*Asks:* 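Structure provided below as structure tokens; questions to follow.
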Amino acid sequence: MEIRSDLIARIITEVAFYPLETILHRLLLQGTDTIIDNLDNGKSMQKQLTYYQGIGNCYNTIVSMEGYTGLYKGFGALFMQFSMHTVILNVGMWIFS
């Protein structure tokens, strides 16, 4: 029971703090030469340079350009990670019980 409650607590805190983590990562990556694929035609790459003035500016820029869902970009990978944790936890409990 303690292991499951720990997993649930971790999931809740990760979901709650994921937007702050997104802002932190964007602030850390600003000013670096980030190259992303041009998904419109797939024949070129786009250079992405961002310069945020702080946490508030970063938050406002993300929300205005991408909406509130922009704060949860990459959340699918976290969901997959916790799915695997749940599977491993249940298999382990099944083996040892």
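Owing to the predicted nature of the structure, the values given are computational and were not obtained by experimental measurement.
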*Asks:* More than 12 heavy atoms of other residues, nucleotides or ligands under 6.0 Å from CD1 of Ile55: yes or no?
*Replies:*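 Not buried by this count: 12 neighbours or fewer within 6.0 Å.
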*Asks:* Any non-hydrogen side-chain atom of Trp94 less than 4.5 Å from a side-chain atom of Asn90?
*Replies:*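 No - every pair of side-chain heavy atoms lies 4.5 Å or more apart.
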*Asks:* Tell me, do Met80 and Met84 make a side-chain contact under 4.5 Å, heavy atoms counted?
*Replies:*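 No. Closest side-chain heavy atoms not under 4.5 Å.
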*Asks:* Between atom CZ of Arg26 and atom CD1 of Ile23, what is the distance when rounded to the nearest 0.5 Å?
*Replies:*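 Rounded to the nearest 0.5 Å, the CZ-CD1 separation comes out at 9.0 Å.
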*Asks:* Mind checking the CZ-CD spacing from Phe75 to Glu14? Nearest 0.5 Å is all I need.
*Replies:*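 Interatomic distance, Phe75 CZ to Glu14 CD, rounded to 0.5 Å: 8.5 Å.
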*Asks:* How close do Asn57 and Thr61 get, heavy atom to heavy atom, and via which atoms?
*Replies:*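 Taking Asn57 first and Thr61 second, the nearest heavy atoms are O-OG1, 2.7 Å.
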*Asks:* Atom CG in Asp6, atom CD1 in Ile11: separation rounded to 0.5 Å?
*Replies:*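 Result: 10.0 Å between the selected atoms.
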*Asks:* On a heavy-atom basis, which atom in Leu71 and which in Thr22 lie closest, and how many Å separate them?
*Replies:*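 Minimum heavy-atom separation between Leu71 and Thr22: O-OG1, 2.8 Å.
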*Asks:* Find out if a path of hydrophobic residues (ILVMFWY) with successive side-chain heavy-atom gaps under 4.5 Å connects Leu78 to Tyr68.
*Replies:*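 Cluster IDs for Leu78 and Tyr68 match.
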*Asks:* Do side-chain atoms of Tyr52 reach the backbone of Tyr59 as a donor and acceptor pair under 3.5 angstrom?
*Replies:*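 Here the side-chain-to-backbone pair does not exist.
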*Asks:* So do His85 and Arg10 actually touch side chain to side chain, heavy atoms under 4.5 Å?
*Replies:*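 Side chain of Arg10 against side chain of His85, heavy atoms only: no contact under 4.5 Å found.
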*Asks:* Under 4.5 Å between side-chain heavy atoms, hopping through other hydrophobics if needed: is there a path connecting Val15 to Phe82?
*Replies:*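 Linked, Val15 and Phe82 end up in one cluster.
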*Asks:* What orientation do Tyr72 and Tyr18 show, parallel under 30°, tilted 30 to 60°, or perpendicular over 60°?
*Replies:*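 If you compare the ring of Tyr72 with that of Tyr18, the planes turn out parallel.
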*Asks:* Kindly give the heavy-atom pair with the smallest separation between Cys58 and Leu27, and that separation in Å.
*Replies:*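 Looking at all heavy atoms of both residues, the shortest contact is CB-CD2, 4.1 Å.
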